[in-house]
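Below is one structure; the comments refer to it alone.
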Protein chains: 4
Amino acid sequence: MRLKDEQKIDIFFTSTLSLVGKVGLAGLTMPLIAKQSGVATGTLYIYFKNKDDLILALYKKVKNRFGATIFIGFSPELPVEEGLRVVWENSLRYVVSNFPEQVFLQQFMASPYKREDQAVAFARPVMAPLAQLLERGQREGLLKADEELLVPSLLFGFVQQIAARIHHTPAQLSKAFMDSSFRFLWDAVRA
Amino acid sequence: MRLKDEQKIDIFFTSTLSLVGKVGLAGLTMPLIAKQSGVATGTLYIYFKNKDDLILALYKKVKNRFGATIFIGFSPELPVEEGLRVVWENSLRYVVSNFPEQVFLQQFMASPYKREDQAVAFARPVMAPLAQLLERGQREGLLKADEELLVPSLLFGFVQQIAARIHHTPAQLSKAFMDSSFRFLWDAVRA
Amino acid sequence: MRLKDEQKIDIFFTSTLSLVGKVGLAGLTMPLIAKQSGVATGTLYIYFKNKDDLILALYKKVKNRFGATIFIGFSPELPVEEGLRVVWENSLRYVVSNFPEQVFLQQFMASPYKREDQAVAFARPVMAPLAQLLERGQREGLLKADEELLVPSLLFGFVQQIAARIHHTPAQLSKAFMDSSFRFLWDAVRA
Amino acid sequence: MRLKDEQKIDIFFTSTLSLVGKVGLAGLTMPLIAKQSGVATGTLYIYFKNKDDLILALYKKVKNRFGATIFIGFSPELPVEEGLRVVWENSLRYVVSNFPEQVFLQQFMASPYKREDQAVAFARPVMAPLAQLLERGQREGLLKADEELLVPSLLFGFVQQIAARIHHTPAQLSKAFMDSSFRFLWDAVRA
DNA sequence: GATGAATGAGCGTTCATTCAT
DNA sequence: CATGAATGAACGCTCATTCAT
């Protein structure tokens with residue numbers, strides 16, 4: 001018996017993201033994913049109950065990977081500005097070199113695939129370290145008061161727009177660019 | 001085309017946006033649009049060559065409408081901060097009360113419908129007054145230097161995130177909220 | 001606009017019965033029905049919501065047609081034996097020249113398509129005249145008492161078996177055959 | 001093939017009949033049979049060349065089992081009426097407590113699985129003792145002349161209908177019921 | 001212009017069957 | 001022998017699009 005090859009799932013995910021980057025969620029079909037992955041259509045159904053299932057699983061994976069990546073090198077002990085800079089640069093790097101992930105996340109959020117219950121419940125804890133950093137910054141008087149989640153909105157909105165821009169006219173993520181963009185961010189949020 | 005027809009096209013657009021808000025671009029079908037609009041499927045093909053055509057036309061319309069709306073009450077003579085505030089508040093209001101438009105724009109940008117040539121070429125001139133305002137601000141030393149379009153990225157990213165947030169937990173667009181969010185924006189961009 | 005052609009439904013029914021006669025309910029597919037009917041697959045879905053719907057509609061039609069046919073020339077005023085003979089000969093003729101209908105009815109009854117509620121509820125009233133005839137026969141002391149529906153069981157079982165037999169070795173429905181088979185039936189049921 | 005295998009085949013047959021009783025031949029799939037039998041799908045193909053083969057083998061088995069069962073306690077020396085009664089009561093008991101077999105036989109006869117050559121040729125010899133009994137009865141002047149196989153048609157049709165009826169409203173096979181039903185049968189066939 | 005019946009390609013999914021383990 | 005992952009044809013069904021009315 002051939003063993004169920006868990007690494008095949010990674011291939012499916014990679015194929016799917018690449019396709020979403022090209023044709024969007026709207027153009028995504030099971031035959032396309034299978035072809036891109038080099039397997040028969042039926043094979044997908046060995047690993048996923050159905051299309052919804054595949055897409056939801058990918059959502060969780062992507063969400064987790066993003067969460068894990070943006071906190072690389074981050075520690076709760078870091079000074080607020082420094083901690084935020086680490087998160088910012090990680091986000092920038094991640095988002096720029098994983099553009100299809102961004103597209104997927106955005107489209108997923110406004111699609112029939114997102115059935116509130118499962119998907120949203122999953123998203124929160126990933127971002128907890130950031131939330132705690134921001135709280136601390138406010139307590140220490142370093143950051144503006146922010147009861148409406150303006151800081152995360154600004155941060156993630158900013159990074160997404162930059163990613164889209166860079167993706168269309170592939171530029172470099174130079175040190176200078178990271179510095180100046182962080183300056184915008186920091187000036188916005190500091191007290 | 002007669003007046004009556006133009007009205008019908010508006011109905012088609014309204015129906016389409018409402019549907020995209022519910023089922024996403026992925027779930028959008030011609031029968032659905034027709035039904036929502038109260039006409040037969042075939043009728044859509046009198047007004048649009050095909051589905052792509054309808055969606056591209058809607059894209060242009062929405063893009064224009066957004067451009068027109070955010071400059072209401074704006075004038076090139078306004079002081080920079082005040083001009084920016086007008087644009088910000090208009091954007092916020094528009095985006096919050098036209099959420100399906102936002103979803104549509106985002107999904108359109110990464111979909112099989114966007115065929116580079118036509119769509120992107122169209123987008124620029126709409127935003128010209130903003131670009132000029134920002135240039136002036138920099139010349140006058142009021143705004144940070146910005147060669148990488150960081151300011152529009154921040155502005156539009158910020159506003160989109162806020163829209164998404166508000167859409168999910170329908171809140172009010174209070175004066176206080178507009179003030180504090182503008183403070184974030186202004187602190188980010190000013191020199 | 002082309003008008004929905006109700007006589008097309010008859011073509012679908014005829015095709016379906018003919019196919020069931022050949023391949024059984026088990027081998028029945030929508031593409032087969034469409035091909036046999038000379039239309040595209042999609043057309044079937046204009047007239048029926050889905051395959052279940054088509055099959056249930058056919059069941060009702062067939063059941064009704066059988067009910068209508070076996071009472072041709074029958075009248076509640078007929079003497080019992082004569083009434084029963086009319087029904088018997090009608091049944092025999094119908095069943096022999098409509099063998100696919102029989103196959104369809106039998107297979108339908110033991111298939112996932114028969115969802116108790118709708119199908120069975122429909123069947124009863126069709127047979128009412130026969131039930132009344134039998135009751136009368138018992139009251140008049142001409143027929144055996146029969147509290148377990150043995151008479152209909154015998155009648156319909158008998159006729160079905162004859163139909164199957166004749167279908168396999170196509171024989172004639174001679175007057176002599178009808179007489180002698182009725183003799184069996186009548187001897188069985190009379191007091 | 002070893003003993004162990006024969007047991008496994010029995011399991012497959014039992015599972016298949018049980019499934020046919022639930023979902024009909026139309027709903028019967030190899031994965032279902034395997035699951036119901038507690039083996040992997042592939043295992044079925046060790047014991048049977050393919051699905052057709054399995055079903056044909058089951059047909060032969062069932063046909064044989066029915067033949068064997070209805071002649072339990074029967075002997076060619078029995079008086080005609082008594083012999084017929086034995087067969088009748090055996091049939092009744094068998095058919096009522098093995099309803100899925102009946103469904104299977106009926107559906108098999110009008111299905112793509114029945115390829116004339118093999119299946120029909122098989123059926124005859126099983127019923128030989130009954131045929132002989134009937135011949136004797138006619139020679140002895142106890143039974144009606146019957147050149148068209150009306151007696152078996154009546155007997156098997158009757159028993160099938162009763163089985164279906166009882167299966168739907170699970171009643172008992174009381175002595176009284178067996179007596180009165182046999183009276184119908186006997187009156188029908190006796191000279 | 002407007003309709004909606006008709007088309008057939010293509011979707012998501014399941015199935016009979018094979019074969020590496 | 002037994003397994004169940006893999007295959008790809010074929011299913012039920014929907015869709016974008018056409019066209020007779």
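Proteins get letters first, then strands, A, B, ... in listed order; numbering begins at 1 in each.
Residues B/F108 and B/Y59 bring their aromatic ring centres within 6.0 Å.
Regarding C/K49, its NZ atom lies at a distance of 14 Å from the C1' atom of F/dT14, rounded to whole Å. Atoms CD (A/E6) and C1' (F/dA5) sit 12 Å apart, rounded to a whole Å. What separates CZ of C/F48 from C1' of E/dA5 is a distance of 15 Å, to the nearest Å. Whole-Å rounding puts the C/L54 CG to F/dC11 P distance at 16 Å. Between the P atom of E/dA6 and the CD atom of C/Q7 lies a distance of 11 Å, rounded to the nearest Å.
Comparing B/N50 and C/K51 by the nucleotide of DNA chain F whose heavy atom lies nearest to each, the residue mapping closer to the 5' end is C/K51.
At a cut-off of 3.5 Å, with distance as the only test, a side-chain donor of D/Q106 or D/Q160 sits close to an acceptor on the other residue.
Note on D/K8: a side-chain N or O is less than 4.0 Å away from OP1 or OP2 of F/dA2.
Between the side chain of A/S18 and the main chain of A/T14, no donor-acceptor pair closer than 3.5 Å is present. Using modelled atom types, no side-chain atom of D/S37 and backbone atom of D/V39 make a donor-acceptor pair closer than 3.5 Å.
Within the shown strands, F/dC19 is the pairing partner of E/dG4 under the Watson-Crick or G-U definition, both distances less than 3.5 Å.
Test D/K63, D/R65, D/K61 against D/E101 for salt bridge (charged side-chain N to carboxylate O under 4.0 Å, His left out) and you get one pass: D/R65.
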Dump the intermediate steps for side chain to side chain contact (heavy atoms under 4.5 Å, CB included) on D/Y113 and D/L25, then the final yes or no. CA-CA 10 Å; D/Y113 299 109; D/L25 255 197; 3.9 Å; yes

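Near-neighbour residues of DNA chain E inside residues 16-46 of chain C, defined by a heavy atom below 4.0 Å, number-ordered: C/V39, C/A40, C/G42, C/T43, C/I46.
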